[in-house]
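Data first, discussion second: the structure below is written as structure tokens.
Because the structure is a prediction, the values reported are computed rather than measured. For the single chain, residues carry numbers from 1 onward in sequence order. Just so it is clear, the values below take in all heavy atoms, side chains as well, and ignore hydrogens, waters and symmetry mates.
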Amino acid sequence: MPAKKPTTIAQYVAAAPSAGRPHLKQIYAILKSVAPDAEETIKWNTPFFVEPRFVFAFAAFKAHCAFTPNAATLAHFQKELKAYKTTKNFLQVPYADEVPEDLIRRMAMHSLEVVTARDDDSFW
């Protein structure tokens with residue numbers, strides 16, 4: 001029988017690869033401090049913070065974790081992100097590297113500002 005899918009962020013972190021749990025806990029603490037009133041949920045098997053629109057998310061993989069702010073935030077921090085592996089959707093942090101706390105905090109704050117300034121009701 002397959003393992004039960006996590007329904008909370010704590011369950012998600014506990015089920016993640018052991019090498020990644022410290023990174024996930026650190027990123028979760030940063031995001032929680034930036035958006036303490038955001039709803040924490042699991043969507044598409046990934047931890048999300050929503051207010052009620054998407055603010056940011058993070059995820060665990062075999063050898064890295066990912067921080068996913070909104071597209072406007074990734075574009076805003078494009079120059080600073082050149083030192084990291086990114087896609088159009090996320091910042092990748094290998095478990096062998098330290099979590100760039102200051103950068104993730106600033107990106108999370110920017111993402112929250114972008115979302116709260118919007119007038120539309122679109123989730124993304």
Shortest non-hydrogen contact between F48 and A57, atoms and distance: CD1-CB, 4.0 Å

Gap separating the CD atom of E51 from the CZ atom of R118, nearest 0.5 angstrom: 11.5 Å

Separation between CD1 of I27 and CZ of R105, rounded to the nearest 0.5 Å: 11.5 Å

K85 and P94, any side-chain heavy atoms less than 4.5 Å apart: no

Nearest heavy-atom neighbours spanning V115 and V55: CG2-CA, 4.1 Å

Aromatic ring pairing F61/H64, orientation class (parallel under 30°, perpendicular over 60°, tilted between): parallel

Check: D97 main-chain N/O paired with H23 side-chain donor or acceptor under 3.5 Å: yes

Atom NZ of K25 with >12 non-hydrogen neighbours under 6.0 angstrom: no

Cluster link F77 to F56, ILVMFWY, side chain under 4.5 Å: yes

Pairwise distance OG1(T86) to CD(E80) - rounded to 0.5 angstrom: 12.5 Å

Contact summary for A59 and L24, nearest pair of heavy atoms: O-CD2, 4.0 Å

Same apolar cluster: Y28 and I42, side chain cutoff 4.5 Å: yes

Validation row: T68, F54 side chains within 4.5 angstrom (heavy atoms): yes

Interatomic distance, F90 atom CZ to T87 atom OG1 [nearest 0.5 angstrom]: 4.0 Å

Parallel, tilted or perpendicular: rings of F58 and F49 (30°, 60°): tilted

Hydrophobic cluster membership, Y95 vs L103, 4.5 Å side-chain cutoff: no

Derivation of the side chain to side chain contact (heavy atoms under 4.5 Å, CB included) call for M107 and L74: CA-CA 8 Å; M107 290 176 71; L74 285 169; 3.8 Å; yes

Cluster link I30 to L81, ILVMFWY, side chain under 4.5 Å: yes

Between CG on residue N70 and NE2 on residue H110, distance to nearest 0.5 Å: 7.5 Å

hydrophobic_cluster_shared for L91 and V114, side chain cutoff 4.5 Å: no

Steps toward side chain to side chain contact (heavy atoms under 4.5 Å, CB included) verdict (L31, E40): CA-CA 10 Å; L31 301 182; E40 298 177 21; over 6 Å; no

